[in-house]
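A short write-up of the structure that comes next.
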Number of protein chains: 2
Amino acid sequence: MESRIDRIKKHLHSQSYKLTPQREATVRVLLENEEDHLSAEDVYLLVKEKSPEIGLATVYRTLELLAELKIVDKINFGDGVSRFDLRQEGAAHFHHHLVCIECGAVDEIQEDLLGDVEKVVENDWNFKIKDHRLTFHGICYRCQKQEDPEQQEQAANHS
Amino acid sequence: MESRIDRIKKHLHSQSYKLTPQREATVRVLLENEEDHLSAEDVYLLVKEKSPEIGLATVYRTLELLAELKIVDKINFGDGVSRFDLRQEGAAHFHHHLVCIECGAVDEIQEDLLGDVEKVVENDWNFKIKDHRLTFHGICYRCQKQEDPEQQEQAANHS
DNA sequence: CTCCGTGCAAATTCTTTGCAACGCA
DNA sequence: TGCGTTGCAAAGAATTTGCACGGAG
């Protein structure tokens, strides 16, 4: 079976880019930490564990390249750092995020919740939507539990 | 009648902050350019026209303060720069944005389109929403016109 | 007098760039 | 050989911090 790495490799080749060892190491780190919204520096440190010779600039260049090819999305949660998130394969749109203002955790919502909203925007504002970014800020189910020890269960059955 | 500046002044006072001349000048610039999503540097340059002695650091400190008090929102469209946007008075939630990938224009949607979506998120993910950020990337009505001279009218009747 | 707020310059942080060297076609 | 890619160091851009001064209560 064709692996995700293989498909990314083809994607690069189709634009005459190569999947060099450094790029592959970077992609692997992203795959292994798919839920984690790593910053460039995070990625660099993780790649460095396996491939100590790599340079930070290369990681930046690789991430930029992957973003350009829409293999990853570059996101920004308001701290001054860009974070990088693998796209779901074949996903037309970017997934959504839940940022907890208590503990800082970032959860993902893969389902597209915006179908109806996008119709409204396209019709009423005559805006041709290509992509979207939706982030909710609030309190995650873990922190809610801590605040109110009564309340338990529910949630977490989506990721 | 009480002006918007007066209410902001009270808001500051209620937290034992003062509306100094520098802060007032900064707020005025934001009020006069409410649609423009200015960067800190933009604000600085505009404030400087009226109050040349002001320092860039002061503008940063003021904007940070205003963001903390939820008078402005700090937003980030993916270029490396933070932009600042006055909140609508009394708005519980942040308004939405339409970013044109052709011309870079940023339009605002003041209506809250996310009521239903938020219900789903709160119920299904057990996430207590405090705020949200929604940005659409696509092509604005102006650029669509240019690409297809046939199509005219519509839109712009919302801002 | 005491603080809060300020200007300026220096420091930090994140990211990009210049350039010589490398490696595969 | 030729060109895309890399590492390192330097440059750059945005933002923050240290510090002495100034003004209102």
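When reading the values below, keep in mind they use all heavy atoms of this one structure, side chains included, and skip hydrogens, waters and symmetry mates. Throughout, protein chains are lettered first and strands after them, A, B, ... in sequence-line order, and every chain is numbered starting at 1. The shown structure was predicted, so the numbers you read here are calculated from the model rather than taken from an experiment.
For B/D79 and D/dA14, the CG to P distance is 9 Å, given to the nearest whole Å. Separating the OH atom of B/Y44 from the C1' atom of C/dT6 is a distance of 13 Å, rounded to the nearest angstrom. Protein atom CD of A/E53 is 18 Å distant from nucleotide atom P of D/dT5, rounded to whole Å. Following rounding to the nearest Å, B/L65 (CG) and C/dC4 (P) show an atom-to-atom distance of 13 Å.
Atoms CZ and SG, from A/R142 and A/C140 in turn, are 4.0 Å apart once rounded to the nearest 0.5 Å. The distance from the NZ atom of B/K145 to the CG atom of A/N126 is 8.5 Å, given to the nearest 0.5 Å.
Residues B/E111 and B/H95 have side chains that never bring a donor and an acceptor to within less than 3.5 angstrom of each other. A side-chain donor from one of A/D85 and A/H97 sits under 3.5 Å from a side-chain acceptor of the other. No donor-acceptor contact under 3.5 angstrom links the side chains of A/Q22 and A/E24, judged on distance only.
For the segment residues 14-24 of chain B, the set of residues with a heavy atom within less than 4.0 Å of an atom of DNA chain C comprises B/Y17, B/K18, B/T20, B/Q22, B/R23, in numerical order.
Annotation for B/F77: atom CZ counts as buried by contact number, over 12 foreign heavy atoms lying within 6.0 Å.
Residue A/T58 places at least one side-chain N or O under 4.0 Å from the OP1 or OP2 atom of D/dG7.
In this view, B/D116 and B/K119 satisfy the side-chain contact (heavy atoms from CB on, under 4.5 Å) rule, not counting sequence neighbours.
Taking the six-membered ring where tryptophan is involved, the planes of A/H132 and B/F136 are perpendicular, since the angle between them exceeds 60° and thus also 30°.
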Atom pairs, protein N/O to nucleotides 15-22 of chain D N/O, distance under 3.5 Å:
unit_1, atom_1, unit_2, atom_2, d
D/dT15, OP1, B/S82, N, 3.1
D/dT15, OP1, B/S82, OG, 3.3
D/dT15, OP2, B/Y60, OH, 2.5
D/dT15, O5', B/Y60, OH, 3.3
D/dG18, O6, B/R61, NH1, 3.4

